[in-house]
K.L.:
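Got a structure for you, questions after.
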Amino acid sequence: MIRASVIEVLRNDELLNQEVELSGWVRSRRSSKGGFSFIHINDGSCLDNIQAVADEKLANYNDILELSSGFSVCLIGRVVESGGKGQDREIQASQLSIIGSVEDPENYPISKKSHTFEYLRTMAHLRPRTNTFGALTRVRHAISHAVHEYFNDNGFFWVNTPIITSSDCEGAGELFKVSTLDALNRESTTSPEDDFFGTNTFLTVSGQLNVESYACALSKVYTFGPTFRAENSNTSRHLAEFWMIEPEIAFADLLANAKLAEDFLKAVVSKIMASCEKDIEFFNERVDPHLIEKLQALVEKEFTLMNYSEAVDVLQKSGSEFEFPVSWGADLQSEHERFLTEKIASGPVVVTDYPKEIKAFYMRLNDDEKTVAAMDVLVPGVGELIGGSQREERLEILDSRMDERLKEELWWYRELRRYGTVPHAGFGLGFERLVLYLTGMENVRDAIPFPRTPKNVSF
Ligand code: 4AD
Ligand code: MG
């Protein structure tokens, strides 16, 4: 007996007219007049269901008549060409056993009718059984595969940077503390020296500082792992726990970095359009009718490059009313970012050279001494997808942007500038935002299996 998944039954011609065993969850069942039941089964291997035809002659036919959405079943039968509309194969069941029934089928939380994404977030344990979350999960997996493939093909090495850290890379103070003091029932007056690591420790907000040491040895490296931010912002773009992809390249400046970001995005997007064709079509049909058009355009069009001062100028001259006024020195808000990508460029925009006051200490100071070699990649619908920069490789200037405490804490980071320093650059890409971009979904909470946001850590 050949064990087969739905995708294998539908795509593998060698299985035609073979007897197979297939397991999955019932999506629907209906009876026909001639004494048959048609059962649609999904196992997550692809968007499509397989139709099983069960004859009333089957010994447990009465049980089969009870099947409804959510039951788990194991089916044995022959794969045949199907005459049914929209189906080119089905399985003629010789055995159909019920593995797990659904208590109270009327109240199965994700019964067939469509549900809002808000509701499905409260059912994070069952939403993977829906078409949308099945497709999201497959696409998310395929993106992560494509990311590793891109870097591997281009000579990058994957470096696993630590999750527990003692420094705040971005300096924004959005850290989750890691401590065993309470767990050990010590008094809260104990000092950091009494804690597990003998100092204050946190969950990392970025692997960048660590990965820079590897770039300054292996030349092309990247991290891809979970990052954490105690950002109290309840937006559709922010998670407290998210995954970040951070390439870092040595002997490279900001332009090389921007080129890498563009090449990387184009490669990943075209890969996914090819490898997840059916799922992407599904999102185009059900979620965002312009998705395929938008992805195609990203692959074909050159990204628009403008510096921060030009962006401010364009926004000010646009004559548009913004909630947050635009002025040189202030950070761009998401309404401005969307305006630039959706109204001005109709596509991705790379904004470079931001005022040094609004960017992190490690970004390289430009010759004007007012701006740093930073870049944000903004895309329509999502806003900021990537944040990166050329790093300050000159010790004296780096020191001038760090206070005494930071210099002491990051002594090892400073040493990279003392021993064979090189121009280097890198960026961070929010994985869930990339999943949004590729699926047309609107909320990052739907781009990760179990989202963590303020006051929300169920499941
Ligand atoms: O712009 P950010 O803060 O850059 C860094 O952390 C740098 N150290 C990266 C580097 O140069 N290696 O974050 C990078 C990206 C953002 O552009 C955004 O896509 C995503 O990470 N991001 C978030 N995604 C989901 N939820 C959040 N709270 C996020 N914060 C940032
Ligand atoms: Mg940023």
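Everything numeric in this text was worked out from a predicted model, so none of it was measured.
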K.L.:
Roughly how far, to the nearest 0.5 Å, is the CD atom of E392 from the NZ atom of K356?
P.N.:
11.0 Å
K.L.:
Do other residues, nucleotides or ligands put more than 12 heavy atoms under 6.0 Å from D104 CG?
P.N.:
yes
K.L.:
Are side-chain heavy atoms of L332 and L340 found at a separation under 4.5 Å?
P.N.:
yes
K.L.:
Is a side-chain donor or acceptor of T371 paired with a backbone partner of N366 at a separation under 3.5 angstrom?
P.N.:
no
K.L.:
Using a strict 4.0 Å threshold on nitrogen-to-oxygen distance, state whether R11 and D48 make a salt bridge.
P.N.:
yes
K.L.:
If you measure from CD on E393 to OH on Y362, what distance do you get to the nearest 0.5 Å?
P.N.:
15.5 Å
K.L.:
Would you say that F303 contacts K266 through its side chain, given a criterion of any heavy-atom pair below 4.5 Å between the two side chains?
P.N.:
yes
K.L.:
Under 6.0 Å between the ring centres of F224 and F431?
P.N.:
yes
K.L.:
Return the CD to NZ distance between E149 and K271, rounded to the nearest 0.5 Å.
P.N.:
3.5 Å
K.L.:
Determine whether a donor-acceptor pair (N or O, by modelled atom type, separation under 3.5 Å) exists between the side chain of R433 and the backbone of E384.
P.N.:
yes
K.L.:
Output, in order, the C-alpha distance, side-chain angles, deciding distance and verdict of side chain to side chain contact (heavy atoms under 4.5 Å, CB included) for N131 and R27.
P.N.:
CA-CA 10 Å; N131 280 337; R27 281 293 172 82; 2.8 Å; yes
K.L.:
Keeping D55 on the side-chain end and L58 on the backbone end, is there a donor-acceptor pair under 3.5 Å?
P.N.:
no
K.L.:
Is there a donor-acceptor pair closer than 3.5 Å between any side-chain N or O of S233 and the backbone N or O of T235?
P.N.:
no
K.L.:
Over all heavy atoms of both residues, which pair between F282 and A135 is shortest? Give the atoms and the distance, please.
P.N.:
CD2-CB, 4.1 Å
K.L.:
Distance-only, no hydrogens or angles: does the D168 side chain make a donor-acceptor pair with backbone N or O of A172 under 3.5 Å?
P.N.:
yes
K.L.:
Evaluate side chain to side chain contact (heavy atoms under 4.5 Å, CB included) for T132 paired with R286, printing each intermediate quantity in order.
P.N.:
CA-CA 9 Å; T132 306; R286 300 293 182 85; 5.9 Å; no
K.L.:
Does the side chain of F71 reach to within under 4.5 Å of the side chain of I98, using non-hydrogen atoms?
P.N.:
yes
K.L.:
In Å and rounded to the nearest 0.5 Å, what is the SG to CZ distance from C74 to R3?
P.N.:
6.5 Å
K.L.:
Please check if the side chain of R452 supplies one atom and the backbone of A240 the other of a donor-acceptor pair under 3.5 Å.
P.N.:
no
K.L.:
Check this for me, if you would: do K370 and D353 make a salt bridge, where the nitrogen-to-carboxylate-oxygen distance has to be below 4.0 angstrom?
P.N.:
no
K.L.:
Does any part of the side chain of Y108, heavy atoms only, come nearer than 4.5 Å to the side chain of S68, both counted from C-beta?
P.N.:
no
K.L.:
Under the 3.5 angstrom rule, does the side chain of Q208 hit a backbone N or O of C169 as a donor-acceptor pair?
P.N.:
no
K.L.:
Between L260 and P247, is there a side-chain heavy-atom distance shorter than 4.5 Å?
P.N.:
yes
K.L.:
Under 3.5 Å, is there a donor-acceptor pair between the E212 and Y413 side chains?
P.N.:
yes
K.L.:
Hey, does L265 have a side-chain heavy atom less than 4.5 Å from the side chain of I386?
P.N.:
yes
K.L.:
Would K259 and D263 pass as an ion pair if we require N to O under 4.0 Å?
P.N.:
no
K.L.:
For the ring-ring contact (aromatic ring centres under 6.0 Å, His included) test, which of W158, F264, F157 pairs with F151?
P.N.:
F264
K.L.:
For D43 and S5, does a side-chain donor sit closer than 3.5 Å to a side-chain acceptor?
P.N.:
no
K.L.:
Kindly check if the number of other-residue, nucleotide or ligand heavy atoms within 6.0 Å of OH (Y214) is above 12?
P.N.:
no
K.L.:
For a 4.5 angstrom cut-off between non-hydrogen side-chain atoms, does L47 reach R138?
P.N.:
yes
K.L.:
Nearest 0.5 Å, what's the CD-CD1 distance between Q390 and I249?
P.N.:
9.5 Å
K.L.:
How are the rings of Y354 and Y308 set to each other: parallel, tilted or perpendicular (split at 30° and 60°)?
P.N.:
tilted
K.L.:
Which heavy-atom pair separates L239 from P451 by the least distance, and what is that distance?
P.N.:
CD2-CB, 3.9 Å
K.L.:
Restricting to non-hydrogen atoms, name the atom on S69 and the atom on V102 that form the minimum distance, rounded to 0.1 Å.
P.N.:
O-CG2, 3.6 Å
K.L.:
Taking atom types as modelled, find out whether S45 and E8 have a side-chain donor-acceptor pair closer than 3.5 angstrom.
P.N.:
no
K.L.:
Within the supplied structure, the quantity of interest is the number of heavy atoms (other residues, nucleotides, ligands) at a distance under 6.0 Å from N232 CG; does it exceed 12?
P.N.:
no
K.L.:
Tell me the closest heavy-atom pair linking S219 and F251, and the distance in Å.
P.N.:
OG-CE1, 4.2 Å
K.L.:
Could you pull out every donor-acceptor pair under 3.5 Å between side chains of residues 438-448 and any protein atom, sequence neighbours left out?
P.N.:
unit_1 : atom_1 : unit_2 : atom_2 : d
T439   : OG1    : V435   : O      : 2.8
T439   : OG1    : L436   : O      : 3.4
T439   : OG1    : M441   : N      : 3.3
N443   : OD1    : R445   : N      : 2.9
R445   : NH2    : N234   : OD1    : 3.1
D446   : OD1    : R121   : NE     : 2.9
D446   : OD1    : R127   : NH1    : 3.1
D446   : OD2    : R121   : NH2    : 2.9

K.L.:
Any sub-3.5 Å donor-acceptor pair from E19's side-chain atoms to I2's backbone N or O?
P.N.:
no
K.L.:
Taking the six-membered ring of Y437 as reference, does the cationic atom of K294 (NZ for Lys, CZ for Arg) lie under 6.0 Å from its centre and within 45° of its axis?
P.N.:
yes
K.L.:
Tell me the closest heavy-atom pair linking T204 and T165, and the distance in Å.
P.N.:
CA-CG2, 3.4 Å
K.L.:
For E300 and Q296, test the side chains for any donor-to-acceptor distance below 3.5 angstrom and give the result as yes or no.
P.N.:
yes
K.L.:
Would H336 and F324 count as a ring-ring contact (aromatic ring centres under 6.0 Å, His included) if you check the C-alpha gap in whole Å, the side-chain angles of each, and the deciding distance to 0.1 Å?
P.N.:
CA-CA 9 Å; H336 310 137; F324 295 90; 7.0 Å; no
K.L.:
Salt bridge or not for R391 and E248, using N-O below 4.0 Å?
P.N.:
yes
K.L.:
Quick one: are R229 and F242 in side-chain contact, heavy atoms under 4.5 Å?
P.N.:
yes
K.L.:
Can a salt bridge be assigned to the pair R29 and E66 using a cut-off of 4.0 Å between side-chain N and carboxylate O?
P.N.:
no
K.L.:
Verify the neighbour count for atom CD of E118: are there more than 12 heavy atoms of other residues, nucleotides or ligands below 6.0 Å?
P.N.:
yes
K.L.:
With a 6.0 Å cut-off (strictly less than), is the heavy-atom count around NE2 of H145, excluding the residue itself, greater than 12?
P.N.:
no
K.L.:
Rounded to the nearest 0.5 Å, how far does CG of L385 lie from CD of E337?
P.N.:
11.0 Å
K.L.:
What is the minimum heavy-atom distance between A124 and P449, and which atoms define it?
P.N.:
CB-O, 4.3 Å
K.L.:
Report the C-alpha distance between V147 and Y150 in whole Å, list the side-chain angles of each, state the deciding distance to 0.1 Å, and finish with yes or no for side chain to side chain contact (heavy atoms under 4.5 Å, CB included).
P.N.:
CA-CA 5 Å; V147 166; Y150 175 85; 6.0 Å; no
K.L.:
With distance as the sole test, does T227 use its side chain to make a donor-acceptor pair with the main-chain N or O of S206 at under 3.5 Å?
P.N.:
no
K.L.:
Carefully, step by step, assess L136 and F283 under the rule side chain to side chain contact (heavy atoms under 4.5 Å, CB included).
P.N.:
CA-CA 9 Å; L136 267 167; F283 286 113; 3.8 Å; yes
K.L.:
Check for a donor-acceptor pair, side chain of D253 on one end and backbone N or O of L255 on the other, with a separation under 3.5 Å.
P.N.:
yes
